[in-house]
Number of protein chains: 2
Amino acid sequence: MARKTGSHSGITGPAVREAAQRLFAQHGFAAVSMRQIAADVGVQAGALYNYTPDKQSLLFDLMKTHMDELLEAWQAEKSDGTPLDRLEVFTRFHIRFHLDRPDAVFIAYMELRNLSPENFAAIEALRKRYEDELEQILSDGKQAGVFHQPDTKLATLALIAMLTGVTTWYRGDGRLTREGVADLYWDMVRKAVGA
Amino acid sequence: MARKTGSHSGITGPAVREAAQRLFAQHGFAAVSMRQIAADVGVQAGALYNYTPDKQSLLFDLMKTHMDELLEAWQAEKSDGTPLDRLEVFTRFHIRFHLDRPDAVFIAYMELRNLSPENFAAIEALRKRYEDELEQILSDGKQAGVFHQPDTKLATLALIAMLTGVTTWYRGDGRLTREGVADLYWDMVRKAVGA
DNA sequence: TATTGAAGTGAACGTATGTTCAGATAGTTT
DNA sequence: AAACTATCTGAACATACGTTCACTTCAATA
């Protein structure tokens, strides 16, 4: 957490978090040293401790912020239409949000092991809340007779894995636009639940 | 690589690889020390260097062996039926193979960043060969008019991500059997490609 | 029984780690 | 101009790392 206000030249809390996010995503949490992060923001290692109590908190802050933003963005985007409409909105939202934050997504999925037990539980709870949003849509759609997945919980996990996978291969300079990718995933999601 | 034959009490090459696999999967490659691996097999750190030239080679051996086994097992399992039959065989094979090796799968997907460039290229080539197996099935099925995915390459990546995701949540003591899980994934895969 | 040689020990190597802190630096306030 | 205070440096702390190696151990061989 940053101090009140920078008084001289100075780096910023966000700058530290951005550098950490980039480096953690590129090399992994355990493989990145505080000195590397410091060098990236142009400062000595000791100065980082004005912005974070320790390295572990830096990781947790990144993951917590990411999950909070995910849930908040979804609350702002979700709508009240038919299950089919809601599923399409969810699919396109998920693709867009994740393509916008490849580093944060990578960290959120890969560095869970490096969290302390309490921190891990906190992140898992947020992840579950997000999964529940999709599960509710699938559940409503099945009740309405428009979706036909035999197991709603498994379908939830399978679809999220499929959608999140986009971050592992999509490159902005490839043959597909972001909208094109979303269209194609939506086609598969809709069919997968039998709608 | 292990020496010819143990002459006294002795650990074994496989024992070292198994300990490394378990620990790498649990805590991550960079977070596990050679001393931890040594302690796990009941030996001092220096003794490990009778079985591997260095830590990096230990990781590469694990990933290479995993990918070789994956491709070899698939070659033994794949059949010559209709595209729909072949897709079902692939789906059930993938689920079964991956559920049998959660640690190896975890490492193969999470530790790519810790490989040297040459080692990375080698693993990526093997992964691509596996993806091509599924892509060929999807391509044949589309040509035959039985599958209807608009983009075969994306469908390949999406389906593999969906199927591989099973390792992140499946626990043997849960409510679903391995066969039940395979049935449910097969239902989604079939529908997702419009068959 | 004497010899061999692979397997393992335990200490050492140089280097790197996360974190702390006294002191220097320099805007801001009085 | 003086006092204040947030910021950053640079050195130091204890600990850990991957790797090497002279030496011991001990089953198998001759």
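The chains referred to below are lettered A, B, ... by the order of the sequence lines, with proteins before strands, and numbering in each begins at 1.
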Rounded interatomic separation in angstrom, taking [atom1] from [X] and [atom2] from [N]:
| X | N | atom1 | atom2 | answer |
| --- | --- | --- | --- | --- |
| A:Asn50 | C:dT20 | CG | P | 12 Å |
| A:Leu59 | C:dG18 | CG | P | 13 Å |
| A:Leu58 | C:dT19 | CG | P | 10 Å |
| A:Gln44 | D:dC8 | CD | P | 11 Å |
| B:Gln56 | D:dG18 | CD | C1' | 13 Å |
| A:Leu48 | C:dC21 | CG | C1' | 15 Å |
| A:Asp54 | C:dG18 | CG | P | 11 Å |

Mind checking salt bridge (Lys or Arg N to Asp or Glu O under 4.0 Å) for A:Lys191 and listing every partner two or more places apart, or none if nothing turns up? A:Asp187
Applying salt bridge (Lys or Arg N to Asp or Glu O under 4.0 Å), can you list everything that pairs with B:Arg92, at least two apart in sequence or on another chain? B:Glu88, B:Asp183
Could you list all the ring pair (Phe, Tyr, Trp, His ring centres under 6.0 Å) pairs where at least one residue sits in residues 117-153 of chain B, not counting sequence neighbours? B:Phe90-B:Tyr130, B:His94-B:Tyr130
Looking at C:dG8, I'd like to know if its phosphate oxygens (OP1 or OP2) sit under 4.0 Å from a side-chain N or O belonging to B:Tyr51. yes
Where along residues 23-40 of chain A does a heavy atom come under 4.0 Å from DNA chain C, residue by residue in number order? A:Val32, A:Ser33, A:Met34, A:Arg35, A:Gln36
By side-chain contact (heavy atoms from CB on, under 4.5 Å), which residues pair with B:Arg96, not counting sequence neighbours? B:Glu77, B:Phe93, B:Asp100, B:Arg178
Residues which pass side-chain contact (heavy atoms from CB on, under 4.5 Å) with B:Ala31, listed by chain and number, not counting sequence neighbours: A:Ala30, A:Asn114, B:His27
Taking the basic N atoms (NZ, or NE/NH1/NH2) and the acidic carboxylate oxygens, is any pair closer than 4.0 Å for B:Glu131 and B:Lys128? no
Out of D:dC8, C:dT9, D:dT19, minimum distance to the side chain of B:Ala45 belongs to D:dT19
